[in-house]
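Read through the structure below, which is laid out as structure tokens, and then see the notes.
The figures here come from the full heavy-atom set of this structure, side chains too, leaving out hydrogens, waters and symmetry mates. All ligand and atom numbering here is 1-based and tracks the order in the structure. This one's a predicted model, so the numbers in the text were calculated from it and none came from an experiment.
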Amino acid sequence: MAAHQEKKPTEERNRKSTQNGTRTSQVQWGRAWEVDWFSLASILFLLMFAPLIVYYFIMSCDQYQCSLTDPVVDLLTGNKYLSDIWNKTPTLTYRAAGIYTLWVAFQVVLYVCIPDFCHKFLPGYVGGVQEGAVTPAGVVNKYEINGLQAWIITHMLWFANAYYFHCFSPTIIFDNWIPLLWCANILGYAVSTFAMIKGYFFPTNAKDCKFTGNFFYDYMMGIEFNPRIGKWFDFKLFFNGRPGIVAWTLINLSYAAKQQELYGQVTNSMILVNVLQGIYVLDFFWNEAWYLKTIDICHDHFGWYLGWGDCVWLPYLYTLQGLYLVYHPVQLGTANAIGILMLGLIGYYIFRMTNHQKDLFRRTNGNCKIWGKKPEYIECSYMSVDGTKYHSKLMTSGFWGWARHFNYTGDLMGSLAYCLTCGFDHILPYFYIVYMTILLTHRCIRDEHRCFSKYGKDWKRYTSAVPYRLIPGIF
Ligand code: NDP
């Protein structure tokens, strides 16, 4: 564990917390207790418009060849009414409901019923039962890490079906894309609403619940920190990773199959999207144990933001490049293809190495080598709600000495590479880089606010030592 526990008499603990510079740090870290008007306005905006945004993007591909402007022009010129667009939209079908139910049920079975065996034969892979970070209430949860296994089994079955069994067409996802959107929405809203009710009436750990008193904020950002059913079914780990991220690579494969069916070939741009996003997804599952220490699991509560976001936003909007390439099959010149591949791989390298450096540093409590040298760091401390004091370290070596979130910079380079595969004819595929830039910049600010609440003046020492957030010398 990164932090180790140190019990002290109450007076001593309180004195230490004041010394740390923020008397409130005992209870304030984790998501907000109070809602400011800007957060509330953003949340209301997202609750109202995020589902519409997803619908608009997918509909514009289905009805307007991925043009984002044509539907608006049609509506403004009276060429079409909203009802025309809506009436042309495929509805929920029994077939889609069946596919989606089977899909989610299969992922639940893989998650709950098959303990990890990959860590027994894959050198370097960390799977099986692993511990998460200390929660604000001082709890350390255990997780069954078997996402890589779920991904491998799912994809083996997919290829076995595509090449041997032919029980369904590999284009099945593309062919049912909008009916499946309704199913994903039903699950997303159901799970978020259930999580809210559960937070009020039967929370897994009452001390890790937060109630702001604002219904919309609580619904969006979640009440429970780590809602679970039984000992092992963890909502955050399941919905974050599966079904959404396991589906990501299958969705791309389905788009590639559709290109093959429509045009008799798969373009190099589609292959690039499949490869680069495939690396990202595989990396996620290879490092699922590391993921337990990321903001999603360590700091975010489980509400609509994660529940609906993982079911709908992620699978539908993170895969827009592949969807676009079905409608516009781009064949890149060799130089462009190599350039984009390099950008994607360098971005991935930075993303992975930065995350790896922090993980190694935290796992070994600083007893490791970063770029061949013993890492430099700033000692820091914080309190959990019960007043227990913990110690931690903030590294200032390696990529973490260049910028405070260089992992986000790598992620953004990779995201740009996916978009560039689609050429410059339409803006729709570029939604991803715009969204990721907003998401990661906002996340950066949110994380730093939280770290300041947690570490107080120790965090200030860190920001003085590493003054830039994303791009050294610029931001
Ligand atoms: P980080 O992995 O950067 O984790 C931030 C946390 O790390 C801080 O809260 C702090 O936690 C600790 N920390 C900060 N600075 C240091 C330091 N110098 N030394 C040691 N520990 C430090 O952020 P995320 O969890 O947001 O992101 C993880 C990865 O996931 C990123 O690469 C990001 O790009 C990616 N990501 C991708 C998304 C997507 O949709 N594709 C969405 C979100 C993230 P502590 O309290 O433990 O000190």
Side-chain angles (χ1 to χ4, degrees), residues 1-3 25 29-31 132-136 236 240-241 244-245 248 276-277 280-281 283-284 287-288 290-300 305-306 309-310 313-315 317-319 347-366 368 370 375-384 390-415 418 432-433 435-456 458-459 461-463 465-466 468-470:
M1 289 301 303
S25 66
W29 63 282
R31 83 144 165 78
V134 187
T135 72
K236 266 202 276 190
N240 256 308
I245 300 187
W248 188 345
L276 290 175
Q277 296 190 346
Y280 193 76
V281 167
D283 174 276
F284 174 86
N287 295 293
E288 201 180 14
W290 153 81
Y291 180 68
L292 298 178
K293 308 286 160 66
T294 64
I295 292 175
D296 285 346
I297 297 283
C298 290
H299 313 310
D300 286 344
Y305 169 73
L306 287 179
D310 294 332
W313 187 270
L314 188 153
L317 295 189
Y318 284 27
T319 57
Y348 170 71
Y349 174 79
I350 292 174
F351 161 84
R352 172 56 20 233
M353 285 315 293
T354 313
N355 286 324
H356 170 72
Q357 286 178 351
K358 187 187 85 176
D359 186 44
L360 179 68
F361 172 78
R362 281 283 172 93
R363 261 192 294 119
T364 58
N365 201 21
C368 59
I370 301 292
E376 292 173 5
Y377 53 81
I378 285 170
E379 293 271 7
C380 49
S381 61
Y382 63 96
M383 300 274 178
S384 60
Y390 295 89
H391 292 283
S392 194
K393 295 181 171 79
L394 294 165
M395 178 164 58
T396 53
S397 290
F399 285 127
W400 294 88
W402 287 16
R404 300 200 290 273
H405 278 103
F406 211 58
N407 49 349
Y408 291 180
T409 311
D411 209 346
L412 289 174
M413 287 167 69
S415 306
Y418 311 156
Y432 189 66
I433 181 65
Y435 162 73
M436 285 297 281
T437 306
I438 296 170
L439 174 89
L440 293 180
T441 309
H442 175 254
R443 202 174 173 93
C444 197
I445 293 163
R446 194 160 65 98
D447 182 49
E448 301 213 339
H449 178 74
R450 190 196 67 85
C451 285
F452 176 63
S453 307
K454 183 174 174 181
Y455 296 123
D458 293 335
W459 181 256
R461 283 198 294 134
Y462 172 59
T463 56
V466 186
Y468 294 101
R469 286 179 166 127
L470 292 176

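Between the CG atom in Asp310 and the CD1 atom in Ile245 there is a gap of 7.0 Å [rounded to 0.5 Å]. In this structure, OG in Ser381 is found 12.0 Å from NZ in Lys393, a value given to the nearest 0.5 Å. Atom OG1 in Thr396 sits 8.0 Å away from atom CZ in Phe361 (nearest 0.5 Å).
Within ligand 1, the atoms closer than 4.0 Å to a non-hydrogen atom of Tyr280 are 37 (C), 39 (C), 41 (N), numbered from 1 in the order shown. Annotation for ligand 1: atoms under 4.0 Å from non-hydrogen atoms of Arg450 are 8 (C), 9 (O), 11 (O), 45 (P), 46 (O). Distances below 4.0 Å separate heavy atoms of Thr294 from the following atoms of ligand 1: 25 (O), 28 (C). Applying the 4.0 Å criterion to heavy atoms of His405 picks out, from ligand 1, the atoms 3 (O). Interface of Tyr462 with ligand 1, defined as ligand atoms under 4.0 Å from a residue heavy atom, comprises 15 (N), 17 (C), 18 (N). The atoms of ligand 1 that sit less than 4.0 Å from any heavy atom of Arg362 are 20 (C), 21 (N), 22 (C), 45 (P), 47 (O), 48 (O).
The proximity of Met395 to ligand 1, defined as any non-hydrogen pair under 4.0 Å, involves the side chain as well as the backbone. Contacts with ligand 1 closer than 4.0 Å are made by side-chain heavy atoms of Leu439 only, the backbone lying farther away. By the criterion of a heavy-atom distance under 4.0 Å, neither the backbone nor the side chain of Tyr377 is placed next to ligand 1. With a heavy-atom cut-off of 4.0 Å, Asp447 touches ligand 1 through its side chain alone. Under 4.0 Å from ligand 1, the heavy atoms of Trp290 that appear belong solely to its side chain. With a 4.0 Å heavy-atom cut-off, ligand 1 is reached by the side chain of Met436 but not by its N, CA, C or O.
The closest approach between any non-hydrogen atom of Ile378 and ligand 1 is not below 4.0 Å. At a 4.0 Å cut-off, not a single heavy atom of Tyr291 sits close enough to ligand 1 to count as contact. Not a single heavy atom of Lys293 lies less than 4.0 angstrom from ligand 1.
When only interatomic distances are considered, the shortest N/O to N/O separation between Ser392 and ligand 1 does not fall below 3.5 Å. For a threshold of 3.5 Å applied to N or O pairs, the pair formed by Asn407 and ligand 1 contains at least one separation below that value. Note: no N/O pair closer than 3.5 Å links Trp400 and ligand 1 by distance alone. Between Trp459 and ligand 1, a contact under 3.5 Å exists for no N or O pair. Taking distance alone, with nitrogen or oxygen atoms compared against 3.5 Å, Cys451 stays at or beyond that limit from ligand 1.
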- Task: Please lay out, stage by stage, how Tyr462 and Tyr377 fare under the test ring pair (Phe, Tyr, Trp, His ring centres under 6.0 Å).
- Result: CA-CA 9 Å; Tyr462 172 59; Tyr377 53 81; over 10 Å; no
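The residue from Arg446, Lys393, Arg443, Arg404 that puts a heavy atom closest to atom 43 (C) of ligand 1 is Arg443. For atom 40 (O) of ligand 1, the nearest non-hydrogen atom from the set Tyr318, Tyr435, Tyr382 belongs to Tyr318. Between atom 37 (C) of ligand 1 and the options Asp310, Asp411, Asn355, Leu440, the minimum heavy-atom separation is to Asp411.
Legend: residues meeting ring-ring contact (aromatic ring centres under 6.0 Å, His included) with Phe406, ordered by chain and number and at least two apart, are Phe399, Trp402.
Although no hydrogens or angles enter the test, the distance criterion places a donor-acceptor pair under 3.5 Å between the side chain of Ser397 and the main chain of Glu376. Proximity of a side-chain donor or acceptor of Lys293 to a complementary backbone N or O of Lys358 within less than 3.5 Å is not detected. Between the side chain of Asp447 and the backbone N or O of Arg443 there is no donor-acceptor pair closer than 3.5 Å. Between the Arg461 side chain and the Glu379 main chain, a donor and an acceptor come within less than 3.5 Å of each other. Side chain of Ser453 to main chain of His449: a donor-acceptor pair is present (N/O by atom type, distance under 3.5 Å, no hydrogens or angles).
Ring-plane geometry between Tyr435 and Tyr318 is classed as tilted, the angle between the planes lying from 30 to 60 degrees on a 0 to 90 degree scale.
When only modelled atom types and interatomic distance are considered, Gln357 and Trp400 share no side-chain donor-acceptor pair under 3.5 Å. Looking only at atom types and distance, the side chain of Asp411 has no donor-acceptor partner in the side chain of Tyr348 under 3.5 Å away.
The two residues Asn407 and Thr354 make their nearest non-hydrogen contact at N-CG2, 3.4 Å.
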